[in-house]
Structures are given as C-alpha cells and as structure tokens.
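Since we're looking at a predicted model, the values are computed, not measured. Chain letters run A, B, ... following the sequence lines, proteins first, then strands; residues in each count from 1.
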There are 2 protein chains.
Amino acid sequence: MAYGYKIGSIPLTTVQRFASYLPALRDMQRQGRSVVSSASLAEMLRLEAIQVRKDFGYLGITGRPKTGFQVDDLIGAMEHGLSWNRVSDAILVGTGHLGTALLNYRGFGYHGLAIKAAFDIAPDRVGALINGVQVQHLDEMKPFMDAKMAILTVSPESAQEVALRLVRAGITGIWNFTGRTLLLPEPIVVQDQDIAIGLAVLSAKLTARAREAIEAESKPPA
Amino acid sequence: MAYGYKIGSIPLTTVQRFASYLPALRDMQRQGRSVVSSASLAEMLRLEAIQVRKDFGYLGITGRPKTGFQVDDLIGAMEHGLSWNRVSDAILVGTGHLGTALLNYRGFGYHGLAIKAAFDIAPDRVGALINGVQVQHLDEMKPFMDAKMAILTVSPESAQEVALRLVRAGITGIWNFTGRTLLLPEPIVVQDQDIAIGLAVLSAKLTARAREAIEAESKPPA
DNA sequence: ACAGTATCGATACCTTTTTATCGATACCAT
DNA sequence: ATGGTATCGATAAAAAGGTATCGATACTGT
Ligand SMILES: NC(=O)c1ccc[n+]([C@@H]2O[C@H](COP(=O)([O-])OP(=O)(O)OC[C@H]3O[C@@H](n4cnc5c(N)ncnc54)[C@H](O)[C@@H]3O)[C@@H](O)[C@H]2O)c1
Ligand SMILES: NC(=O)c1ccc[n+]([C@@H]2O[C@H](COP(=O)([O-])OP(=O)(O)OC[C@H]3O[C@@H](n4cnc5c(N)ncnc54)[C@H](O)[C@@H]3O)[C@@H](O)[C@H]2O)c1
C-alpha cells in the first residue's frame, strides 16, 4: 500500500551510499586526484563497480570510458542533491550525553548543517554553553525560529511529547535519535537514527557466525 | 555476485525491525499487557500488519487468531536471536565526544552489551575515568582480553589503522562509528554506524519535498 | 594512424523484500 | 451450541534493488 522507498526518483539505498562516497571523494580531491573509476571507488568502499556506476547514473553524471568520473562533478552533484552545499539551520533538543556530543561534532560543516540553538528542561542543563551554543529552556522555543530541522536527543520517554511541540513550533524535519517511533501528522519528515538497530545487526551476524562455527565443528572437515 | 542480505535465514531488514519492536514490547510488558496483535503493533511502529506477522514468522513464534501474539514469547525470541539475553563484553576505542557519550549510555543493558575497557592515545584522555571505566593507552590493549566486539569511535583518519590493531588483538566484530569504510580480512564482521547516512536521507527527503512544493506552486491548484 | 584495452552505460535478468488475497482458526455474544 | 468476526498464516503477486552481459567509446603505446 505504501512502498515508501524512492526519494524523488532515486532509490533510498542509492542516497544512503552517496553519504559513503562523499568522504572518499573528498579525500581524493584533497590529494589532487581529479578522476576516479567506478572499479577503484568500489574497491575502497567494498561495493560492486556496477553499483557505483548505476548510482552515479541517477545523479546524471556521466563518466568517460578508459578514465572514469570527474571527482569534482560527483561531489558537486551529490552535495547539491542533498543540499549539503549550502548551510541549513537546525535546533537540538535534549543536551544530555548524546546531545552534547553532537553539539561538539565538527563534521557537520561537511553536511551543511549548523546547530543554531539547543534546548533542555533540566535546570542544571539550561544556561550551559556547549561549543558556543547556549542551552535554553524548551519553553523558550518559538515558532519564529527559521530552522526547519530538529535533532531530537531527549530521553525516550519524552520523545513523543517533545516531537509534537517541535511540530507545533514549525519544524518539518526531525532527526530522531531516541529509538522510539514518533507518531506525527503526515507532512513531517522523520528520520530515525536508532543505534540499537546497528547493534542488532552486528549482534545477529556475530551470533549467526558463532552458530556456523559450532556446526562446522560437529561435522568433520571435508 | 554477492547479495549479502540475509543473516542466517532471516532478512536483514527483519533483524533491523526486531530492534524497533523490542522497546515497544518491553513497554507493554511493563504495563502488564501479555498479548498483542500484529495490527496494533504495526500501528505503533508505522508498519504494515502483514510485515509484522511475517517478521514474527521468522522467529518461529506463532500467534493465535482473534487474540494475537504473546508479548513474552516475542521478547524472548528476539533477545535470543540477537544474543541480547546474555551479556557480551566489548571494548571501546576513541574516548572523544562520541565515545564518552556511548560510555555513559545506560541503555546498553537492554542490549546485553557491557563496555569493559576503553582506550585512547591522547595523553589528556588516558587515565580519565568515564562512568566507571578507566581509559587506558591503546598500547595496553592485549590479545588476552576476552571481549570479541569493539566500538570504534576514533577520528576518521585513524580508523583504518586502529581497526587493524583491533583485529590483531583478536576482535571479531567492529561497530564502526567513524564513517570510513574499513578494509579488513574477511572473517571480521564490521557494522557501519555512519550518522551521515541518516542525515543524507533526511536532507534528501526535505530537499525533494521542497522541490515538490515549488512545482505545486507553479501549477495552479486543480 | 592503428591496434589493443580499460572503462562506461544500456539492457536484461535475478534476488530479495514487501504487499495482497483468502481460507482457517479461535474467541465472543447470544 | 451456534453464528459472527477478528486475527492469523500460507501462498502468490508486485515492487524494489542488485548483478551480468556486452557493445560502444576514448585513452595508451607503438
Ligand atoms: N548516550 C548514548 O550514547 C545514546 C546511545 C543510543 C541512544 N541514545 C538515545 O539518545 C537519547 C539521549 O540519550 P542520552 O544518553 O544523551 O541521555 P541523557 O539522559 O544524558 O540526556 C537526555 C537529555 O534530555 C533532556 N530531556 C528529558 N526530557 C526532556 C524534555 N521533555 N524536554 C527537553 N529536554 C528533555 C534531559 O534533561 C537530558 O539532558 C535517548 O533517547 C537515548 O535513548 C543515546
Ligand atoms: N561527535 C559526534 O557527534 C559524531 C557524530 C558523527 C560521527 N562521529 C564520528 O565519531 C568519531 C569520533 O568523533 P568525536 O566527535 O568523538 O571525535 P573526537 O575528536 O572528540 O574524539 C576522537 C578520539 O579518538 C582519539 N584517537 C584519535 N586517534 C586515535 C588512535 N589512533 N588511537 C586511539 N585513539 C585515538 C582521540 O584522542 C579522541 O579522544 C569520528 O570518526 C567522527 O567522525 C562523531
């Protein structure tokens, strides 16, 4: 009924890989390398060359036989597609351990993200200065703020409630680190960033591998 | 050639959803609710009921018509499948902003994860005490440690080098937060936890939505 | 200039995952 | 007891994404 995969006309998985290509391409750019083949990029990222080419096809970037793709073109097209070439303002709610780490993260410059304000409700958090941003009380959050994106790092129990307040304040995109599913009116874009999911995959793979090892042991080697 | 999706016989996406079902199910358990239908769980998690049922099918858990599934059974089966029902030791390397946040995270108890040791190389980090764990110099890392999983939160430039050291020290699973692709010998399980990927999806969706809005404006409303 | 070759890109194919359909089952009310 | 119905689960269809094939193209070296 919903098939909510593609973003515009680009597969979700392709968009995800864009974020992986970018640091590798930026490294090359820094090293003065101007062209790259799908095969060599694939090797660096443990992908298949054909997949890399197909991804680039979605960008409308076309390579040249025998040489490859222009590094600058690729970076430009990806950054443009993600709007990472210009700065977007964001706010952050929940300045605990994780929120503080994100406020201190230097890498968001590469992603066109600027955290302009931070909010909390704990008396010992409000007023704190974190990497140049002063923590305000959540009640100070006003719809006039022109940030459209919010980073949600409050405790899981508060997640739903705070998210609703964000929507009322005019936020249209929420980057949700709380691991709870937010139930919000349709037009809001929610991106769940649940690290438990990554841990689950890792755990499952390790568990599966351990099981295989035991099975292999019970059978004598061929 | 590779199609690396399934973990054992379970689709990767299903394993990922297990991590999302769990907190919701634990909430129910806490509230004394013992049965849940696929439809109600789907609604909470913004999924389709049939997908929930199919996921549970992989666990071998079978529901009862007209009532639903036993909450306890589901939790037990998922935790068992992920080995989250017993504690695994892990080490963490890179005690900067993010590493510190993870060391302070209380939620890992639910995931059967115990961070037993932390390492860094910066003189002002070594010796620090973070949530009961004393930061050691990376050179102190010894193969005798029985942790099999490592959390990698060093700076991106050191990622590859440190990962190789981890492998030499007997680590078989790496939870990689650095955003860099690690090139390691085959049997090592690497789980990339690149938040830039989540941000890319959010950015792309917001950008696509903005584009749609502009297009809708240029056309007069029907 | 020309042969040889690395690399791209269009097309077709295959695998995996999601969704629809529908009969079977167990609970509930009468 | 019986009929009504919510819910499950098997099967099949649809959709999405990944991979193989192969002709076309542009660079390299002679
Ligand atoms: N720390 C981690 O490494 C980590 C890892 C995975 C997930 N998470 C998730 O990230 C979120 C934050 O984790 P944390 O470790 O930083 O927790 P934390 O307890 O350190 O921080 C939570 C912060 O949110 C604030 N808060 C709570 N309710 C609020 C409300 N209604 N309005 C405004 N602020 C409110 C608290 O005052 C606190 O400062 C949690 O949802 C957690 O599950 C954290
Ligand atoms: N802070 C965030 O919110 C955030 C967000 C996204 C990604 N990341 C990624 O997580 C990683 C850590 O980020 P951070 O913000 O904590 O950075 P940070 O600079 O605060 O911490 C990095 C830590 O790694 C240590 N380190 C560096 N090289 C090392 C080595 N060879 N051996 C041992 N320790 C070493 C440093 O001493 C430092 O303590 C980075 O790869 C970053 O890209 C962080």
Side-chain angles (χ1 to χ4, degrees), chain A residues 1-21 28 33-71 73-74 77 197 200-201 204-205 208, chain B residues 1-21 28 33-71 73-74 77 197 200-201 204-205 208:
Chain A
M1 198 219 272
Y3 295 122
Y5 303 107
K6 292 219 172 65
I7 301 174
S9 58
I10 303 182
L12 177 62
T13 47
T14 293
V15 171
Q16 298 185 147
R17 281 190 294 271
F18 287 165
S20 308
Y21 294 135
M28 288 176 198
R33 202 168 151 185
S34 65
V35 240
V36 66
S37 73
S38 60
S40 64
L41 199 51
E43 201 184 349
M44 279 183 241
L45 297 173
R46 296 184 149 277
L47 300 170
E48 299 289 326
I50 190 170
Q51 189 169 54
V52 173
R53 285 203 299 274
K54 205 162 198 193
D55 285 344
F56 292 173
Y58 287 108
L59 290 171
I61 298 290
T62 162
R64 313 183 67 178
K66 189 83 188 211
T67 36
F69 297 81
Q70 289 295 121
V71 173
D73 291 357
L74 292 172
I197 290 177
V201 174
K205 284 184 180 166
Chain B
M1 201 222 271
Y3 293 119
Y5 301 109
K6 292 216 171 70
I7 300 174
S9 57
I10 303 182
L12 176 62
T13 48
T14 293
V15 171
Q16 298 185 146
R17 279 189 295 271
F18 286 164
S20 310
Y21 295 135
M28 289 177 197
R33 204 169 150 185
S34 65
V35 237
V36 65
S37 72
S38 60
S40 64
L41 197 53
E43 201 183 350
M44 280 183 240
L45 297 173
R46 297 183 150 276
L47 300 171
E48 299 290 327
I50 190 171
Q51 189 168 55
V52 173
R53 283 203 301 274
K54 203 154 205 202
D55 285 344
F56 292 174
Y58 288 109
L59 291 171
I61 298 290
T62 162
R64 312 184 68 177
K66 188 83 186 213
T67 37
F69 298 82
Q70 290 296 119
V71 172
D73 291 356
L74 292 171
I197 290 177
V201 174
K205 283 183 179 164

Distance, rounded to the nearest Å, where A:I10 contributes CD1 and D:dA15 contributes P
21 Å
Under-3.5 Å donor-acceptor pair between A:K54 side chain and D:dT19 base:
yes
D:dT11 phosphate, OP1 or OP2, under 4.0 Å from B:R53 side-chain N/O:
no
Rounded to whole angstrom units, what separation is found between the CD1 atom of A:I50 and the P atom of C:dC8?
11 Å
With the side chain defined as heavy atoms from C-beta on, A:K6 is closest, among D:dG17, D:dT19, C:dT21, to D:dG17
Between C:dT7 and A:T67, is there an OP1 or OP2 to side-chain N/O distance shorter than 4.0 Å?
no
Find the distance B:D55:CG to D:dC8:P and express it as a whole number of Å.
13 Å
Report the distance from atom CD of B:Q51 to atom P of D:dC8, rounded to the nearest whole Å.
15 Å
CD/B:E43: more than 12 non-hydrogen atoms of other groups inside 6.0 Å
no
Examine C:dC27: is either OP1 or OP2 under 4.0 Å from a nitrogen or oxygen in the side chain of B:R64? Give yes or no.
yes
Side chain of A:Y5 - closest among C:dT21, C:dG9, D:dA16:
D:dA16
Identify which nucleotide among C:dT17, D:dA26, D:dT21 has an atom closest to any side-chain atom of B:L12, counting heavy atoms from C-beta outward.
C:dT17
Between A:F18 and A:L59, is any pair of side-chain heavy atoms under 4.5 Å apart?
yes
Looking at the side chain of A:P65, which of D:dG17, D:dT25, C:dT19 is the nearest nucleotide?
D:dT25
Could you please name the option among D:dC8, C:dT18, D:dG4 that lies closest to any side-chain atom of B:K66?
D:dG4
Given side chains that start at C-beta, do those of A:L45 and A:V52 come closer than 4.5 Å, heavy atoms only?
no
Give a yes/no on whether any side-chain N or O of B:T14 is located under 4.0 angstrom from OP1 or OP2 of C:dT17.
no
Between D:dG9 atom P and B:I61 atom CD1, what is the distance in whole Å?
10 Å
Do A:F69 and A:I61 have side chains that get closer than 4.5 Å, going by heavy atoms?
yes
Integer-rounded Å distance: D:dG18 C1' and A:R17 CZ:
8 Å
What distance separates B:S40 OG from B:M28 CE, expressed to the nearest 0.5 Å?
5.5 Å
Once you round it to whole Å, what is the distance between P of C:dT7 and CZ of A:F56?
14 Å
Among the nucleotides C:dT16, C:dC8, D:dA20, which one has an atom lying closest to any side-chain atom of A:S37?
C:dC8
Can you check the B:F69 CZ to C:dA26 C1' distance for me, whole Å?
14 Å
Taking 4.0 Å as the cut-off, does a side-chain nitrogen or oxygen of A:T62 come that near to OP1 or OP2 on C:dC8?
no
